[in-house]
Amino acid sequence: MSITYLLSSILLILYIKWKKPCEESFFWPNSESFMKLLPQFKQEIPIGSTAYLEGVAFEGVVIIAGQFPPFELGAQVVAFCEQVVAFCVTASAFQAILGLLMVLTSALGNAMGEKDYIKAGKIRKAALLYVIIVLCIEAPVLLIFKEQIIEFFTNDPQVILAAK
């Protein structure tokens, strides 16, 4: 995935340098770009530490899960796989949401720059409505097909019962 991001970044930089669609806003970093970097890191340390603690907590859960009896451990694995499937479904839905919200963020910024607050309010409402519609479709689908997702990973009745 990081290779995709790297290639996308390179292609974007090449496009911007070649076509020059935004000459005023795209520039190579200079000494001014690194001013007040330390205060910025001080603000980001709590954010990074929560991400790190989440990883540590996950490792702790894995260690604790090793103490479960076999069928409960199987249910734990199935539950984890179910979360992975739910994440993949959510991520695919999230990509559409994220793409539209990026566009709406630009449109909202333009509306605010134009001081057209009525248009900005309509854009904000459209974004919220879109997110709510997608999540209202996605959540029931995951709940309705929960058993089929569990049965996709195991056919052991004890594990299926424990995973429900």
Side-chain angles (χ1 to χ4, degrees), residues 1-62 76 78-150 152-153 163-164:
M1 188 159 211
S2 59
I3 292 173
T4 304
Y5 287 139
L6 178 66
L7 289 175
S8 296
S9 299
I10 290 170
L11 288 174
L12 180 63
I13 290 171
L14 288 173
Y15 171 76
I16 290 172
K17 288 307 264 182
W18 185 27
K19 289 285 189 173
K20 298 185 188 327
C22 46
E23 291 183 30
E24 306 86 31
S25 60
F26 184 75
F27 57 90
W28 292 108
N30 55 27
S31 61
E32 188 179 338
S33 302
F34 298 103
M35 290 176 61
K36 299 184 181 180
L37 199 57
L38 188 59
Q40 180 68 27
F41 283 146
K42 286 180 183 177
Q43 290 178 349
E44 291 177 6
I45 285 174
I47 297 168
S49 63
T50 57
Y52 174 75
L53 289 175
E54 182 181 359
V56 170
F58 179 77
E59 295 300 325
V61 167
V62 169
Q76 177 76 16
V78 167
F80 177 74
C81 291
E82 186 179 27
Q83 287 177 347
V84 169
V85 167
F87 175 76
C88 290
V89 170
T90 305
S92 59
F94 179 74
Q95 294 301 323
I97 293 171
L98 184 62
L100 181 65
L101 292 180
M102 283 184 199
V103 171
L104 290 173
T105 300
S106 258
L108 183 64
N110 289 338
M112 295 297 286
E114 296 167 0
K115 300 203 184 311
D116 188 351
Y117 302 115
I118 294 171
K119 182 179 176 182
K122 288 180 182 178
I123 292 170
R124 181 183 56 86
K125 286 178 186 175
L128 290 173
L129 182 63
Y130 180 70
V131 170
I132 289 168
I133 288 170
V134 169
L135 292 178
C136 285
I137 292 170
E138 181 181 323
V141 167
L142 290 175
L143 288 173
I144 290 168
F145 295 109
K146 181 178 180 177
E147 286 187 37
Q148 288 83 356
I149 294 171
I150 293 171
F152 180 75
F153 295 103
K164 285 185 181 178

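FYI, side chains are in, hydrogens and waters are out, and symmetry mates aren't considered; it's all heavy atoms of this structure. This is a predicted model, so every value here is computed, not measured.
In terms of heavy-atom proximity, L104 sits nearest to I123 at O-CG2, 3.6 Å. Shortest non-hydrogen contact noted between A120 and L108 is O-CD1, 3.3 Å.
The ring-ring contact (aromatic ring centres under 6.0 Å, His included) check on F34 picks up nothing, with sequence neighbours excluded. Residues satisfying the salt bridge (Lys or Arg N to Asp or Glu O under 4.0 Å) criterion with K122, sequence neighbours excluded, are absent altogether.
Rounding to the nearest 0.5 Å gives a distance of 7.5 Å between CG of L14 and CD1 of I10.
Screening residues 37-59 for side chain to side chain donor-acceptor pair (under 3.5 Å), with sequence neighbours left out, gives Q40-E44.
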